[in-house]
Every structure is written in C-alpha cells, then in structure tokens.
Amino acid sequence: MNTDVEFHIRQNYPWNKLPANVKQSVGNSQREYEKHVLLYSIRNQLRFRNNLVRHVIKDERKYYEELLKYSREHLMLYPYHLSDVMVKGLRVTPFSYYIGIMEDIMNSEKSYDSLPNFTAADCLRLLGIGRNQYIDLMNQCRSSKKFFRRKSARDLLPAKPVEISVEPWWVAQTGFITEDDIRICSPAEKKAIDKMIDSGPQLAGSMEYNVVLSLYNRGFIYLDVPISDDSCISVPPLEGFVMNRVQGDYFETLLYKIFVSIDEQTNVSELANVLEIDLGLVKNAVSMYCRLGFAIKKGQVFSSDQLHPTWKSAPSVNRLKSTMDPQKMLLSWEQGSPVMEGGSSATDTDTTSLEDQDTASVSSLSIPAAPTKRIAFLFDSTLTAFLMMGNLSPNLKSHAVTMFEVGKLSDETLDSFLAELEKVESTAEGEAQRYFDHALTLKNTILFLRYNKELTQDQAPDIPNIGFPLDMLRCESLLGLDQATCSRVLNKNYKLLVSMAPLSNEIRPISSCTPQHIGPAIPEVSSIWFKLYLYQVTGQGPPSLLLSKGSRLRKLPDIFQVYDRLLITSWGHDPGVVPTSNVLTMLNDALTHSAVLIQGHGMHGHGETVHIPFPFDEEDLKGEFSYSSMCVHKALRTLNEHVDLKHQCGYITMLNPNNRHRRRASDATDCRGDTHLGGGFDTNGSTESFELVTEENNGEGKGKTDALSSEDEWVPLELCFGMPLFSSELNRKVCRKIASHKLCSKDSLQELLHSSRKLSLKVLSFVQSFQDGGQPADLESGVSGPLSQPPAESGVPLPALNLLFKDGQLREWSGRAPPPLDISALQKDQPT
C-alpha cells in the first residue's frame, strides 16, 4: 500500500477531501480507496469508533470478527487494547484466542518456529506451551492417528490458563458474565463481581488475590495494564522471551522500535514525541511489555494501605525470580513499595545487581539529580552470537538475548551483566577460545568506559565528576529506526558514541556528527572503498583488484599468481583467506551476486599481520623502523597526514605477505602480531567456510625477527575505527591511549567533529570519482564487463568499474596488461 494512502487513512481523510495525487494512486476509484481503508484498519487492529473505517463498513460486529480472523490467521498478538470489545462483545479471551492459534498450527503441522517472537512469548505466558511442550504435543497428536481413537489437537491443549503473574496496579474489568456464570461463583467471587458492576473497574491489588486469579481463569474478568503519559519503565534482562522469527506486522515493528529507544528517564509522552509516533500506540506497546513481564513500571504505582492483605503472601511467578537473588528484591511494605514479597515485581534498582551489598553498583553513588547524558557503546550481532554460543556462564544468555532482541542494555542492568562476565573463564579449547576472549575483553571495555573519571576531567566545577553512565546499543536495532528518529534518540540521551571494531561488513554503521562518534564516520569508512582510499593516499598496500558484480574471470590475473593465499572480500560480507589453487571457481560464483575484492595475502602460506593501535604516542613516532617499532613506517606517517588519527581510536593492520618468520606470542610490543589463520581476519569474523589449518610457528626468536623485518616488506592492509574486542592486549592499549590522549574531552570531541566531516567528504569524493562513466565490455580480454549496478542495500555505492591497485597506483582495469587508464592522477591533486 502506498505510504501516502496510509498516511491519509491514518489521519481519517474521507474520499472527498483526498488530494488529487492520492486519488490518482488508487486509480481515482472511491471503492478502491475504501478497500484500502478496510484492509489498513484490520491490519493495524484499529478501533471501529472514531476511525475512518466506520464510514466504509456499517456492521461493527462483522468488522471486529474480520479483524479477529485476520489477526488469528497471521498469528498476531491478541489485541489487548480492544479487550472491552473482544471479551464483552465477542467473548474471545486471550486464552481462547491463543488456543485457536495453537490448534491451527498443529492441524497444519507447522513448526513452533512459525510463531512470531512476541506471540510465542504470550502463548508461553498463558498456555504454558513453549518449544519443548509443543514438540511433545505434536508427537502425541501424530501417534494418536495410528489408533482408532484419534485425539484432536484441541483435546491435547490445556483447558484453562496457567497461573500468570498479576501486578497489583493492573485493573480488573468485568467480561461477558451470564446468570449461569454467577451461579457457579463463590460468595467472595460474587461480591467482587458486584463491586465491579456497581463501582466500575477495580485495581487488582484491592481485591482478594485468589479471587482475581479464579475469575480471570474462568474468563469472567479481563485485566488492563494502565499506562499514563508520565509513566517510566525499565527493561531488565529478558526471561521467557522466545526467539523464533520476526513477522513485520505493525505492532511487532513498533515493539522493537520502542525497545531500543526507551530508557528509564524518558516518560511515555516524551518517547512518543521523540519517535513521532501516536501516543496511544506507544502506550499500547509499553503496556504489552509490562504484561509480558519484559518491563517494569517505575515509581510508586501502588501504596501499601490500598493493598489487600492476601497480596502480601501471594506466590511469585515473575520470571525475574529465576535470575535475581530474592533477598535483594524485597522492600519493606512500610515504605509503600509496589514490590510483592518473593520478588514478583521490582523497581529498577532492585534488578540491577547480583553483587553483595558491600560491592553495590556505582548507580548508588551521589549522581546529580538532573538526568545525565550517557556514553553509548555500539556493537553488532556478531558479539551477541559469541555470547550466546560460548556457553560462557549460566545466566549470560538472558543478557545476550536482551542485547539482540531489545537491542539495548541500559546502564542500570550492567551490574548484573558484569557479574555474569566475571564468571567467564579465561581459557577454552579451539574455536570456543574466541568467544571467551570477546566476553573478557567486553567486560574490560565496559569497566573502562563506565563512570570513568579520567574521561571527564573537564567537567564544570559545580558538577561532581563521576564519569558517564554507559548504555550498550545494537547497531541493527538502531537502523530499524528511520534516520531522523535515530538522530533524535541519540541526541536526547547520549554525549558520545563509541563503536566496537571491526563492525561486521554486513551492517551499515551509525552515521552521526552529533553526538560525536568514535568509530566509522559514515558507512563508506567501514567499506571496501575505504581500503582503496588508504592505499591511494599512502601509495602502499597489497595488490588489490575490485571486480564489479557481473564480471567474470577467465583466469587469475598475473599479479596474484605469485601468492599462495588470497584475501577475498565479497561486498557486504566479512573477508576470508583462501588458497590460490582453487579460487577461480569460487570467485566467479561470488561475482554473480556481489562485487568482490581480491587481495594478495601470503606468498608462502598465510601472510603475517600486525595490529597497530592509535592514536600514536610521541615515543611511537621516534627511532628507526623495526618489528617492535612499526609506527614509524613511512605509509603510516603519510596516513597520519591525511587521516586524523589524533582524535580517533582504533587500529591499523599491517601485512607482510612474505611471512618468512613468525612472531612469538610473548613478544611485548605496541603492535600485536597475529599468527592465526588469515591474521586478524579470522579473529575478526571471517567466514567459517574459509577456515584452514594454521601453519606451525617456526620458532624463531624476536632478535632474529627484528633483524629480518624490512620496512618495504610491510604494507597497510586496513584501518578500523573504534574499540577492538577480539584481542585483550590490543584493547588494553587502545583504552590506555583514549585516556592518555583525552579523546573524550570537549576540545578533542570538537576536533573529532570537524575531522570526521572532512574525512567523510574526502572519501565520498574519492568514491564518486570512480563511479563516473564506464566502458563497454571487451570480449577479447580476460574479463567480461559488469552488469548494471543497482544501489547497495547499505547505501554504499557499488563499484561501476573494475579497479586495480598495483605499484602504488589505483587504475581502472579492463583485464589486459598494461591497464589502459590511470585514474590515480585525478586524486593526486585533490586537496587534503
């Protein structure tokens, strides 16, 4: 459906008030527009009254039946915001709705994964059916078919809801109750129903606890979760979240948008303004979080004198209890806390720490009353995968699920996250070591960035210097917001963004001038283009050939024939090291669906790589070149003149393709040598299929290594902005340099703002210069011409020309030698 049409339906524009261009988009047909109105209203579960659909369809009951049918067929969440109509009018409770969905997917023999994430979580909450229970039910259903007395799916499903968690501040409302229903009620239940009929809806906490549950289980009442304009919520680590699939319906999309945007200081009304989303929709989403147990309403939501005595001894079924120490979640009733005994709900301060009282979180310090802007650490899904796969500690997975699904770990939950990271062992076997390394380095990064006084020494004298709180944000979740909304969310809450390095090539980095970003300034800086830009400005780099999508190689170019190993990077994917011997078939296959960068890596096995952290210290730039003093390399000196390395942090990877020697792991220099497969690339996340056996270290000592090292043997391979997590030693050095160079000071961040803009303009100009024009295919050459290039999904332009970097020059490559056109001259005179 056209977005203009959707906008006008949302704003309740009747046909006669539609602009001409919108009428034209529906074929100037009023009937077609009315079809769009009905479909949009049903898809978005809109209320009949006060919406345009009431002029299109006259039968209100029929409309809601259609809405319910569509929602059930598409496995959507129960429309809780329409409970008054669904329960009182149609007698469809959440329990009966989800029983119907379960029956449908069991009869269709669909897998449990067909349920969308939030629907599956609500089914688990109400029916007690998770993945294992569903598989068991399906096995029973199938086995019963073998006998004459076949059981239907409905016979196997539960007859009543499991015991759910009810908060005392929820509101109980009467459903559809008949005289026959009243006859089977106990005197206490009749009294409660009479009170609701006579006096209207009642707070659940003012009624007897067991009566509320009994009436709810029978479907005589339904529960509203009220959210006001000034409500604030906190999101603890997720428990009970089901990771199945994302469906993409309107409400699910909204839930994910709000997940990554919400924080404990922003109330619902402010959040709606920042996201520019209707306040009612935001309230519905926040209400759903609280209902599912994924969020906790902050502040005093219920006073103890209003609470019925039975609630004090009510059993807790809150999911948080399994991960939190119950003793920490108790507050005295005299304080008027909404917290139920046993920890059925908790305020944010009660769920943030697993540590002892004497090692309480920093959040208990005397933080200024005014909301403080924070530092945001940006990570990608690779990190969450490592934390999930490694089986690192018992409760770490719930935090990893939160990082992936919510897209955010707020400062208030970092204490419990750090407590889990503390339990991770430092050693493991094989591939698992990589997961352990990332977890330990992540812990050190959080401890460094969070409440670090060294980073905020230029604070105003009237503000106590305790550093900044830290939030962790997943890049992919932020990219789910449109660019303007993302910018508003970041500017409202954060003073500084810091990216992990390297970010996966499969995502687009966050572009941000304000707040300033220690990381890739624009997506192009995290792409293949930036590698070529580095080689262009330094005049050094490994032989590199960038082939556009649709090209086809008939033989491997001569410049790569001397190499035993090549570094292959498909566009939008992470690099991998492959043997030269069987690379041609793989390259041509990859070129059918993406552009590919081919680079020489190792002449005798794998090339050797070394990671050099920056910003450089003055001592690093003194003396002669050696293995242990690589910062004085002439390429790095040139690079330092063209790219601002003083106000950014990260690392430069240097490559020695000759690899006649190996560095010992114990060599202590400011440049980390990596003797793993493919140097740092396997460590950073190369494709699994490219992994090969690492060659043995030949055991030569450091003295011999330094003697053999020649400046001409080493070339820059790549530059990554941000904080590396794949090496604890490299991470430690970068952290030290951030502090010693005062990168977080106001002056440094102001310089970073200017230099990031300059670098962005230079790189964009560089990319554009190689996008203009193009030549027809040369059928007699060794390569056929590229297909027409669609825009890249990430917004980074795909190459329109085949480009070759060789002997310090970047040229267009047609497959013949010598190359016909020297484009590098266009760049030489470019101002820097």
Side-chain angles (χ1 to χ4, degrees), residues 71-72 75-81 83 86-87 92-103 105-106 112-137 157-172 175 204 209 212-219 221-225 227 233 235-245 247 251-252 255-256 259 284-297 314-324 340 342-346 351 398 401-402 405-406:
S71 299
R72 181 169 157 174
L75 311 179
M76 294 169 69
L77 278 164
Y78 180 81
Y80 285 101
H81 60 289
S83 289
M86 295 297 160
V87 179
V92 178
T93 63
F95 175 76
S96 61
Y97 173 80
Y98 289 125
I99 285 289
I101 282 182
M102 278 292 173
E103 189 177 356
I105 66 171
M106 286 177 71
Y112 183 74
D113 291 331
S114 61
L115 283 174
N117 294 345
F118 286 101
T119 305
D122 211 15
C123 285
L124 177 62
R125 181 181 73 97
L126 290 171
L127 312 183
I129 298 176
R131 188 180 306 277
N132 294 339
Q133 292 84 354
Y134 181 80
I135 292 169
D136 186 44
L137 287 171
L157 291 167
K160 64 177 185 177
V162 297
E163 186 177 341
I164 64 166
S165 172
V166 179
E167 299 291 342
W169 53 274
W170 292 5
V171 175
Y209 177 76
V212 173
L213 285 186
S214 173
L215 291 175
Y216 180 80
N217 286 343
R218 293 183 194 178
I221 65 170
Y222 62 92
L223 295 166
D224 276 338
V225 180
I227 300 295
I233 67 165
V235 181
L238 291 183
E239 289 291 334
F241 193 90
V242 183
M243 295 179 71
N244 275 357
R245 71 180 180 95
Q247 177 166 272
F251 198 53
E252 181 187 71
L255 287 168
Y256 277 114
F259 248 160
N284 290 344
V286 171
S287 175
M288 180 62 74
Y289 295 145
C290 295
R291 189 184 293 273
L292 295 175
F294 297 155
I296 298 165
K297 192 173 179 182
S316 167
V317 289
N318 194 298
R319 298 187 185 90
L320 293 175
K321 193 178 80 168
S322 61
T323 55
M324 298 300 169
M340 289 186 288
S344 68
S345 77
T351 60
S398 67
V401 170
T402 307
E405 292 293 348
V406 177

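All residue numbers refer to positions in the sequence shown, counting from 1.
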Would you mind reporting whether F95 and L127 have side-chain heavy atoms less than 4.5 Å apart?
yes
Any side-chain heavy-atom pair of F251 and N284 under 4.5 Å
yes
Would you compute the distance between atom OG1 of T402 and atom CZ of F241 and round it to the nearest 0.5 angstrom?
9.5 Å
Which heavy-atom pair separates M102 from Y134 by the least distance, and what is that distance?
SD-CD1, 4.0 Å
Derivation of the side-chain contact (heavy atoms from CB on, under 4.5 Å) call for V166 and Y216
CA-CA 10 Å; V166 179; Y216 180 80; over 6 Å; no
Atom CG of L126 and atom OH of Y97: how far apart are they, to the nearest 0.5 Å?
12.0 Å
Kindly indicate whether the side chain of I105, heavy atoms from C-beta on, has any atom under 4.5 Å from the side chain of L115.
yes
Nearest heavy-atom neighbours spanning D113 and R131:
OD1-NH1, 2.5 Å
G175 and Y222: which non-hydrogen atoms are nearest, and at how many Å?
CA-CD2, 4.3 Å
I99 and its side chain to side chain contact (heavy atoms under 4.5 Å, CB included) partner, picked from P94, P158, C123, P161
P158
Output the distance between atom OG (S287) and atom CH2 (W170), rounded to the nearest 0.5 Å.
8.5 Å
Please round to the nearest 0.5 Å and tell me the distance separating atom CD of E167 and atom CZ of R291.
12.0 Å
Rounded distance [0.5 Å steps], CG in N117 versus CG in L255:
10.5 Å
Taking C-beta and beyond as the side chain, do T119 and Y98 meet within less than 4.5 Å on heavy atoms?
yes
Check: D122 and Y80 side chains under 4.5 Å, non-hydrogen atoms
yes
For a quick test of reading the model, state the closest non-hydrogen atom pair linking E405 to F259 and the distance between them.
O-CD1, 4.0 Å
Smallest heavy-atom separation, Y112 atom then I129 atom, equals OH-O, 3.7 Å
Would you say the ring centers of F118 and Y256 fall short of 6.0 Å from each other?
yes
Interatomic spacing from CD1 in I227 to SG in C290 - rounded to 0.5 Å:
4.5 Å
State, to 0.1 Å, how close R125 and I164 come at their nearest heavy-atom pair, and which atoms those are.
O-CG2, 3.6 Å
Does E252 reach the side chain of P116, with side-chain heavy atoms less than 4.5 Å apart?
yes
